[in-house]
Number of protein chains: 2
Amino acid sequence: MKYNSTLCEALLESHEIKPTANRILVLRTLAEARQPLSLSELECEMLSVDRSSVFRVLTLFREHHLVHVLEDGSDSVRYELCHSTDGHEHDDDQHVHFYCEQCQQTFCITDVPIPTVSLPDGYVLESVNYMAKGLCPRCALRKEKGR
Amino acid sequence: MKYNSTLCEALLESHEIKPTANRILVLRTLAEARQPLSLSELECEMLSVDRSSVFRVLTLFREHHLVHVLEDGSDSVRYELCHSTDGHEHDDDQHVHFYCEQCQQTFCITDVPIPTVSLPDGYVLESVNYMAKGLCPRCALRKEKGR
DNA sequence: CAACCTTTGCAACCCAGTTGCACGAAATCC
DNA sequence: GGATTTCGTGCAACTGGGTTGCAAAGGTTG
């Protein structure tokens, strides 16, 4: 999906975030990435913006349920746009992610929803992080044929 | 389960790890904890052992499939004993974990196995991290009744 | 016992994430 | 419209988990 500035502004405002230049930029970068990005990756993608600003924008987005974080074990969390259709509070598109232990990339398996489990009494569920790990198709193939 | 030194030594040797004082200590601490522990928690639990030594022991254990790591998003990974019955390579007891966003503890839901998903062609699955998040029973209760 | 390898503690380092502060821009108030 | 407050940002410094280099301690082997 192509995100122009106007679209980004609208999205920000629908989440009650005042659209500033930095915020639009971060949102666009996230939206156009096919994979969840880490703070450092975002930083590299937008050299004009300071690391701490990116961080603060992300924190803001998180509070307003515009992005969610996921831990892939590469000891830097990654950020991904929420694609909830109702726009708020709960994500309805929580899907499985795959972390390649070879190339260290994290892939969205968008068409596989996270299977739910029934927890023991008392637990109040908010969200689920489902991270499958192993080899991505490319690395698996490369490994198979010698290297 | 109660772990005495002899039992620990046997377990270490069955994983082809030479039993040293530190290793036995780390193993016992992990075994007797009802919850996965972080590096820092382990360190506090065993003040006599240096941080880096604990780290190296854990790394060794990981390589020998004696422990596995899990990411709960509290930006420090936690370590948990593998309870595989065959003792090697693949865990057969991978279960769901629950991270309480209030008290920041991670609970093992040992009787709930991780549901499997079918990945697109090409992906080679090694392991899965299933982390449910929300409020643990105690925090949920406390929140419900005012505070 | 001497030569060797392994394990350990200490200190230093790395790096992601985070915070304090001060400046500049934007919104608000006479 | 200008003064005042609030908000957003960049810079620099800090934090804390994780990691590594090195040298001393301990154990092993001939």
Side-chain angles (χ1 to χ4, degrees), chain A residues 5 8-9 12-13 15-30 36-64 66-80 99 101 104-106, chain B residues 5 8-9 12-13 15-30 36-64 66-80 99 101 104-106:
Chain A
S5 302
C8 285
E9 284 185 46
L12 286 173
E13 274 162 0
H15 283 262
E16 289 164 333
I17 299 171
K18 202 196 310 177
T20 68
N22 280 353
R23 292 171 186 171
I24 294 173
L25 199 50
V26 171
L27 176 55
R28 258 176 79 171
T29 311
L30 275 177
L37 299 177
S38 69
L39 179 57
S40 314
E41 285 164 355
L42 276 166
E43 195 191 356
C44 296
E45 206 74 25
M46 315 177 300
L47 292 170
S48 62
V49 187
D50 184 73
R51 175 184 204 69
S52 64
S53 298
V54 179
F55 173 73
R56 279 188 272 238
V57 168
L58 287 171
T59 308
L60 186 71
F61 283 7
R62 228 191 314 182
E63 287 164 4
H64 289 254
L66 184 52
V67 302
H68 50 236
V69 299
L70 37 112
E71 303 98 34
D72 55 16
S74 72
D75 76 4
S76 70
V77 295
R78 288 175 188 286
Y79 299 84
E80 178 180 53
Y99 175 71
E101 284 161 342
Q104 264 130 288
Q105 286 191 68
T106 299
Chain B
S5 303
C8 286
E9 284 185 44
L12 287 172
E13 273 162 0
H15 283 261
E16 290 164 331
I17 299 170
K18 201 194 314 176
T20 68
N22 278 354
R23 291 171 187 172
I24 293 173
L25 199 51
V26 172
L27 178 54
R28 257 176 80 171
T29 311
L30 275 177
L37 299 177
S38 69
L39 179 57
S40 314
E41 285 164 355
L42 277 165
E43 195 191 356
C44 295
E45 206 74 23
M46 317 176 299
L47 293 170
S48 62
V49 187
D50 185 74
R51 176 185 203 70
S52 65
S53 299
V54 179
F55 173 73
R56 279 188 272 237
V57 167
L58 287 171
T59 309
L60 187 71
F61 284 6
R62 229 191 317 181
E63 286 163 5
H64 289 253
L66 184 52
V67 302
H68 50 237
V69 299
L70 37 112
E71 302 99 34
D72 56 15
S74 72
D75 78 1
S76 69
V77 296
R78 300 188 121 80
Y79 300 85
E80 177 180 54
Y99 176 71
E101 285 162 341
Q104 263 130 287
Q105 286 190 69
T106 299

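For clarity, every value in this text was computed on a predicted model and none was experimentally measured. Order of the sequence lines fixes the chain letters, A, B, ..., with proteins taken first and strands second; residue numbering starts at 1 for each chain.
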ask   = Taking any atom under 4.0 angstrom from a heavy atom of chain B, which nucleotides of DNA chain C are the first and last to qualify, 5' to 3'?
value = C:dT6 to C:dC10
ask   = Please, which pairs that meet salt bridge (charged side-chain N to carboxylate O under 4.0 Å, His left out) have at least one residue in residues 39-51 of chain B, sequence neighbours excluded?
value = B:Glu41-B:Arg78, B:Glu43-B:Arg51
task = Scan B:Ser48 against the nucleic acid and name what it touches under 4.0 Å (heavy atoms): base, sugar-phosphate only, or nothing.
result = sugar-phosphate
message = The criterion is side-chain hydrogen bond (donor to acceptor under 3.5 Å, both in side chains); which residues satisfy it with B:Gln105, sequence neighbours excluded?
response = B:Gln35
request  = Using a 4.0 Å heavy-atom cut-off, write out nucleotides 25-30 of chain D from 5' to 3' as B (base contacted by protein), S (sugar-phosphate only) or - (no contact).
outcome  = ------
task = Go through the structure and list residues passing side-chain contact (heavy atoms from CB on, under 4.5 Å) with A:Val49, not counting sequence neighbours.
result = A:Asn22, A:Leu25, A:Met46, A:Ser53, A:Val54
task = Look at all strands and tell whether B:Ser38 reaches a base, only sugar-phosphate, or nothing, counting heavy atoms closer than 4.0 Å.
result = nothing
ask   = Hey, what do you get for CG (B:Leu37) to OH (B:Tyr79), rounding to the nearest 0.5 Å?
value = 11.0 Å
request  = Check the distance between D:dG8's P and A:Glu63's CD and give it to me in whole angstrom.
outcome  = 12 Å
All side-chain contact (heavy atoms from CB on, under 4.5 Å) counterparts of A:Glu63, not counting sequence neighbours = A:Thr59, A:Leu60
key: Distance-minimising heavy-atom pair for B:Phe55 and B:Leu39   = N-CD1, 3.9 Å
inquiry  = Taking side-chain contact (heavy atoms from CB on, under 4.5 Å) as the criterion, tell me which of A:Ile24, A:Val26, A:Leu66, A:Ile17 meets it with A:Val57.
reply    = A:Val26
Euclidean distance, A:Leu30 CG relative to A:Leu42 CG, rounded to 0.5 Å = 5.0 Å
task = Starting at atom CD1 of A:Ile17, determine the distance to atom P of D:dT9, rounded to an integer number of angstrom.
result = 12 Å
note = Computed from five pairs at either end and rounded to 10 degrees, the angle between the axes of the helix from C:dC1-D:dG30 to C:dC30-D:dG1 is 10°
message = When you compare the side chains of B:His68 and B:Glu80, does any donor N or O come within less than 3.5 Å of an acceptor on the partner?
response = yes
query = By a strict heavy-atom criterion of less than 4.0 Å, which residues belonging to residues 50-59 of chain A are in contact with DNA chain D?
reply = A:Asp50, A:Ser52, A:Ser53, A:Arg56
inquiry  = So, using side-chain hydrogen bond (donor to acceptor under 3.5 Å, both in side chains) as the criterion, who are the partners of B:Gln104 when residues are at least two apart?
reply    = none
inquiry  = Rounded to whole Å, how long is the line connecting atom CD of B:Glu41 with atom P of D:dG16?
reply    = 15 Å
request  = To the nearest Å, give me how far apart CG (A:Asn22) and P (D:dC11) are.
outcome  = 11 Å
query = Looking at residues at least two apart in the chain, or sitting in another chain, which of them share a side-chain hydrogen bond (donor to acceptor under 3.5 Å, both in side chains) with B:Arg23?
reply = none
remark   = Between CG of B:Leu60 and P of D:dT20 the distance, given in whole Å, is 15 Å
task = Could I get the full list of side-chain hydrogen bond (donor to acceptor under 3.5 Å, both in side chains) partners for A:Ser40, not counting sequence neighbours?
result = none
task = Please report, rounded to the nearest Å, how far the P atom of D:dT9 is from the CD atom of A:Glu43.
result = 15 Å
message = Which heavy atom of A:His64 sits nearest to which heavy atom of A:Glu16, and what is that distance?
response = CE1-O, 3.5 Å
